[in-house]
> 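Sharing a structure, written as structure tokens. Questions coming.
Note that these values count all heavy atoms, side chains included, but never hydrogens, waters or copies made by symmetry.
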Protein chains: 2
Amino acid sequence: MRDVALPGAGQWPYAQRGFLMARRTGRRPGNPDTREAILAAARGAFADKGYDGASIRAIATGAGVDPALVHHYFGTKDKLFLAAMQAPMDPAEMIDALADGDREQAGPRFVRLFLQIWDGPGGAAGVALLRSAVGTEWTAKLFREFVVTQILRRAVPKLGLDDEQGPLRVTLAASHMVGIALARYVIKVEPLASVPSEVIVAAVGPSVQRYLTGDLSDVFDAQVAAGS
Amino acid sequence: MRDVALPGAGQWPYAQRGFLMARRTGRRPGNPDTREAILAAARGAFADKGYDGASIRAIATGAGVDPALVHHYFGTKDKLFLAAMQAPMDPAEMIDALADGDREQAGPRFVRLFLQIWDGPGGAAGVALLRSAVGTEWTAKLFREFVVTQILRRAVPKLGLDDEQGPLRVTLAASHMVGIALARYVIKVEPLASVPSEVIVAAVGPSVQRYLTGDLSDVFDAQVAAGS
DNA sequence: CCCGGAACTCATCAGGTGTTGAACTCAACG
DNA sequence: CGTTGAGTTCAACACCTGATGAGTTCCGGG
């Protein structure tokens with residue numbers, strides 16, 4: 001009988017099961033949702049400490065499990081990280097939601113959707129991803145390739161931007177949103193951290209709109225001027 | 001005479017001085033610029049690996065020096081980090097450069113100045129700061145307090161923004177720039193990473209201008225609407 | 001009922017970490 | 001010359017890390 005709540009977001013420090021079975025070894029009775037528990041603990045730990053700071057031992061105890069079991073399921077720490085980041089990331093969905101609808105309202109729509117995701121349960125994974133992506137070089141590379149292949153190559157044609165200006169437009173908008181996320185959810189600098197999300201939509205939406213569909217002729221003039 | 005190889009780490013890239021003095025202990029002859037060498041190596045290491053990833057041993061060998069010497073000079077790793085980040089940061093100067101001049105051109109001026117710093121020698125320290133600030137919780141807290149006390153409290157009155165909207169305006173502008181820095185210098189996502197800086201000035205300048213001095217009445221309408 | 005394999009733990013390895021205290025070398029001063 | 005003190009290194013401590021392999025317990029299918 002497992003009357004305990006799912007280990008989802010909250011941390012439970014110790015293995016609370018078995019006040020009877022004091023520290024048995026071997027296979028656990030009951031349903032094997034342990035794998036998910038490990039993943040949840042891993043997401044939380046990566047979000048709090050980043051890739052390097054999160055230790056397999058901490059993740060294991062956070063899931064009420066022996067450290068070796070983590071390796072049993074996921075092999076190495078790298079694979080654990082990839083597995084933990086995989087589920088909550090589906091940029092295709094976000095891009096689709098962006099693409100249909102009034103193009104002249106895509107900016108605010110994008111900002112609102114972005115903030116909804118970060119305010120929801122996916123936010124922890126986002127913080128983890130950002131923390132880890134920035135932390136060290138190989139995660140940065142990972143993130144870079146992820147951004148290019150999963151976001152840029154899909155978003156540019158979906159949004160109907162021509163290939164000349166499209167990538168710059170999308171990266172400008174994305175980098176703005178990442179900056180907002182960093183300030184609001186990771187660094188938590190006020191007043192940005194606690195202002196209602198609709199305020200940010202109203203403030204940032206027009207900028208993003210301009211990056212996506214606005215007139216950037218000055219920008220490209222500057223580009224050719226610098227290129228000559 | 002110690003002709004024996006080093007026990008622990010194996011090779012040190014060695015101090016280039018003294019090809020004569022095969023591995024002597026004790027004080028080095030010549031100039032005592034070692035402290036600066038350590039600081040420089042520390043900045044580089046922190047920029048490459050972040051606070052946690054950069055090890056004192058790596059910093060020491062990078063400076064051609066024994067790890068214990070680092071502690072001799074700086075005490076703990078925390079203090080080393082603070083010392084390494086101290087020199088290249090002078091936000092007051094930047095704020096001053098922003099404050100005087102046409103207020104209606106402050107946006108592009110800010111972006112240009114910001115990019116100049118990051119493209120110059122201060123960029124490494126910036127990357128280090130950003131990497132480390134995001135990496136773990138206490139550096140994030142450090143960074144947050146630094147931002148609030150050193151930037152917000154100075155910039156808001158200097159720029160002549162009223163206290164009601166000022167902090168939000170400044171944090172919006174700053175977070176945008178941090179996002180750009182993250183994408184361009186840390187993650188290095190194309191095309192943002194290699195585009196000439198004037199292109200970014202032309203693209204981002206107007207947005208920042210709007211955040212600083214533009215009409216944000218919609219934003220504050222949203223604020224009161226959400227607050228009710 | 002039994003047995004193969006999945007779930008799970010224990011003990012341990014090899015290596016890296018920040019930090020410390022003592023020892024040594026050199027430059028400067030008297 | 002001798003002494004002093006800063007510059008510098010050595011060797012070690014205590015701890016934490018990711019990873020491995022052997023061993024234990026349980027579930028499900030034959």
> Between A/Arg144 and B/Ile187, is there a donor-acceptor pair closer than 3.5 Å when you use the side chain of the first and the backbone of the second?
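Yes, A/Arg144 side chain to B/Ile187 backbone: donor-acceptor pair under 3.5 Å.
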> Over how many whole Å does the gap from A/Leu69 atom CG to D/dC26 atom P extend?
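These atoms are roughly 16 Å apart.
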> Tell me the bend of the helix from C/dC1-D/dG30 to C/dG30-D/dC1 as the angle between end helix axes, each from five pairs, rounded to the nearest 10 degrees.
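For the helix from C/dC1-D/dG30 to C/dG30-D/dC1, the axes at either end differ by 10°.
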> Expressed as a whole number of angstroms, how long is the span from B/Arg35:CZ to D/dT8:C1'?
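About 15 Å, once rounded to whole Å.
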> What's the CZ-C1' distance between A/Phe74 and D/dG18, to the nearest Å?
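Going from A/Phe74 (CZ) to D/dG18 (C1'), I get 16 Å.
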> Around atom NZ of A/Lys49, are there more than 12 heavy atoms from other residues, nucleotides or ligands closer than 6.0 Å?
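Result for NZ/A/Lys49: open.
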> Could you tell me whether the side chain of B/Arg131 and the main chain of A/Val134 form a donor-acceptor pair under 3.5 Å?
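Looks like yes, one N/O pair under 3.5 Å.
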> Would you find a donor on one side and an acceptor on the other, under 3.5 Å apart, between the side chain of B/Ser132 and the backbone of B/Leu129?
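Side chain of B/Ser132 to backbone of B/Leu129: no pair is present.
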> Ignoring backbone atoms, establish whether A/Thr34 has a side-chain N or O less than 4.0 Å from OP1 or OP2 of C/dA7.
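Checking C/dA7 against A/Thr34, no side-chain N or O comes under 4.0 Å of OP1 or OP2.
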> Atom NE2 of B/His72 and atom P of D/dA6: how far apart are they, to the nearest Å?
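Between P of D/dA6 and NE2 of B/His72: 8 Å.
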> Rounded to the Å, how far apart are B/Lys77 NZ and C/dT19 P?
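Going from B/Lys77 (NZ) to C/dT19 (P), I get 8 Å.
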> Tell me the ring pair (Phe, Tyr, Trp, His ring centres under 6.0 Å) pairs involving residues 166-200 of chain A, sequence neighbours left out?
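Pairs touching residues 166-200 of chain A that pass the test: A/Trp118-A/Tyr185, A/His176-B/His176, A/His176-B/Tyr211.
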> Provide, to the nearest angstrom, the distance between the CG atom belonging to B/Asp78 and the C1' atom belonging to C/dT17.
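To the nearest whole Å, that distance equals 14 Å.
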> Can you check whether B/Gly205's main-chain N or O pairs, donor with acceptor, with B/Arg112's side chain at less than 3.5 Å?
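No; judged by distance alone, with no hydrogens or angles, the pair does not exist.
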> Between D/dT25 atom P and A/Asp66 atom CG, what is the distance in whole Å?
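To the nearest whole Å, that distance equals 15 Å.
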> Return the residues of residues 48-59 of chain A meeting this criterion: a heavy atom under 4.0 Å from some atom of DNA chain C. Order them by number, or give none.
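Within this stretch, A/Arg57 sit under 4.0 Å of the strand.
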> Below the 4.0 Å mark, does C/dT19 have OP1 or OP2 next to a side-chain nitrogen or oxygen of B/His71?
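Yes, such a contact exists.
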> Could you measure the distance from the NE2 atom of A/His71 to the NZ atom of A/Lys77? Nearest 0.5 Å is fine.
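NZ of A/Lys77 is found 9.0 Å from NE2 of A/His71.
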> Any heavy-atom pair between the side chains of B/Val170 and B/Arg154 that's under 4.5 Å?
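Side chain of B/Arg154 against side chain of B/Val170, heavy atoms only: no contact under 4.5 Å found.
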> Look at A/Tyr73 and C/dC8 and indicate whether a side-chain polar atom (N or O) is within less than 4.0 Å of OP1 or OP2.
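Looking at the OP1 and OP2 atoms of C/dC8, one of them is under 4.0 Å from a side-chain N or O of A/Tyr73.
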> State, yes or no, whether a side-chain contact exists between B/Asp78 and B/Tyr51 at a heavy-atom distance under 4.5 Å.
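Result yes, sub-4.5 Å side-chain heavy-atom pair found.
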